[in-house]
Amino acid sequence: MSRLVFVLNGPNLNLLGKRQPHIYGHETLADVEADCRRTAGELGLEIRFHQSNAEHQIIDWIHEARESAAGIVINPAAFTHTSVAILDALNTCDFPVIEVHISNVHKREAFRHHSYVSLVASGVIAGFGTQGYTLALQRLARLIGETA
Ligand code: DQA
């Protein structure tokens with residue numbers, strides 16, 4: 001049984017720490033990756049951590065994950081609210097998907113209240129800051145354990 005999890009990040013998250021820190025905080029994506037690697041180690045998970053500003057690249061990583069992984073943690077960033085293509089790719093996966101948002105999208109503009117990815121997600125974490133990623137890994141480990 002695979003213990004491999006893909007952690008995927010969408011557009012502009014490469015600027016985490018510099019980008020609107022009053023909304024997204026001061027931690028960088030490298031900090032988030034380090035936190036995820038530490039938590040994954042504790043949970044006995046192996047992770048592939050990726051970020052891209054390109055929709056097609058995220059779709060290609062989802063296709064890679066569907067062949068090899070046991071779950072996905074994804075912060076699709078702005079593609080959350082626009083991408084039927086990412087939803088379709090996730091719908092080809094028969095493992096749990098956890099959606100993460102650093103900010104509380106429900107407290108923000110109305111266009112952030114709708115998520116295509118939520119239609120496929122086992123669960124959604126929003127507004128817990130970057131801690132949401134490690135919480136998502138904990139939940140994924142539990143879900144993977146249940147299906148092992
Ligand atoms: C985000 C929320 C999205 O609405 C936004 O487009 C992002 C980041 C978050 O992590 O809070 O880029 O996904």
Side-chain angles (χ1 to χ4, degrees), residues 3-43 45-66 68-144:
R3 300 282 292 172
L4 177 64
V5 169
F6 277 53
V7 182
L8 301 179
N9 294 280
N12 301 304
L13 289 169
N14 53 312
L15 296 179
L16 203 62
K18 296 182 195 142
R19 169 199 188 204
Q20 296 178 286
H22 56 292
I23 295 177
Y24 299 113
H26 292 278
E27 265 199 303
T28 65
L29 198 63
D31 295 330
V32 174
E33 180 171 357
D35 286 347
C36 285
R37 293 202 176 282
R38 194 174 319 112
T39 301
E42 288 163 10
L43 294 166
L45 300 174
E46 185 192 339
I47 60 169
R48 301 269 153 77
F49 191 100
H50 296 300
Q51 187 276 333
S52 179
N53 296 324
E55 192 175 19
H56 71 88
Q57 176 62 83
I58 293 168
I59 292 165
D60 286 348
W61 284 324
I62 294 168
H63 292 177
E64 207 182 306
R66 74 186 287 282
S68 57
I72 291 180
V73 171
I74 184 165
N75 182 348
F79 292 147
T80 308
H81 319 297
T82 62
S83 183
V84 175
I86 288 177
L87 170 64
D88 284 352
L90 290 170
N91 267 325
T92 73
C93 302
D94 51 12
F95 50 53
V97 173
I98 310 282
E99 177 181 350
V100 172
H101 300 287
I102 296 165
S103 65
N104 180 358
V105 282
H106 301 289
K107 219 171 137 181
R108 300 181 64 195
E109 303 96 321
F111 66 83
R112 296 185 202 277
H113 299 175
H114 176 262
S115 165
Y116 285 101
V117 170
S118 291
L119 290 167
V120 67
S122 304
V124 182
I125 295 175
F128 285 75
T130 53
Q131 191 188 356
Y133 287 83
T134 52
L135 296 174
L137 286 172
Q138 285 172 13
R139 178 64 185 155
L140 208 47
R142 175 78 68 93
L143 292 173
I144 293 168

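Atoms within each ligand, like the ligands themselves, are counted from 1 in listed order. Treat the numbers as computed from the prediction; the structure is a model and nothing was measured.
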**Criterion side-chain hydrogen bond (donor to acceptor under 3.5 Å, both in side chains) on Ser118 and Glu99, from CA distance to verdict** = CA-CA 7 Å; Ser118 291; Glu99 177 181 350; 2.7 Å; yes

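- Using bins of under 30°, 30° to 60° and over 60° for the plane-to-plane angle, the ring pair His81/Phe111 lands in the perpendicular bin.
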**Request:** List the steps, then state whether side-chain hydrogen bond (donor to acceptor under 3.5 Å, both in side chains) holds for Asn53 with Glu55.
**Result:** CA-CA 7 Å; Asn53 296 324; Glu55 192 175 19; over 6 Å; no

Quick check on ligand 1: any N or O pairs to the protein under 3.5 Å? One line per pair.
residue  : atom   : partner : partner atom : Å
ligand 1 : 4 (O)  : His81   : NE2          : 2.7
ligand 1 : 4 (O)  : Arg112  : NH1          : 2.9
ligand 1 : 6 (O)  : Ala78   : N            : 3.2
ligand 1 : 6 (O)  : Arg112  : NH1          : 3.1
ligand 1 : 10 (O) : Asn75   : ND2          : 2.9
ligand 1 : 10 (O) : Ile102  : N            : 2.8
ligand 1 : 11 (O) : Ile102  : N            : 3.2
ligand 1 : 11 (O) : Ser103  : N            : 2.9
ligand 1 : 11 (O) : Ser103  : OG           : 2.6
ligand 1 : 12 (O) : Arg19   : NH1          : 3.2
ligand 1 : 12 (O) : Arg19   : NH2          : 2.9
ligand 1 : 13 (O) : Asn75   : OD1          : 2.8
ligand 1 : 13 (O) : His101  : ND1          : 2.8

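- Look at Glu42 and Arg38 and you find no salt bridge, because none of the NZ, NE, NH1 or NH2 atoms lies under 4.0 Å from a carboxylate O.
- Ring geometry for His106 versus His113: interplanar angle of 30 to 60°, hence tilted.
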**Request:** Check step by step if side-chain hydrogen bond (donor to acceptor under 3.5 Å, both in side chains) holds for Asn9 and Tyr133.
**Result:** CA-CA 11 Å; Asn9 294 280; Tyr133 287 83; 2.6 Å; yes

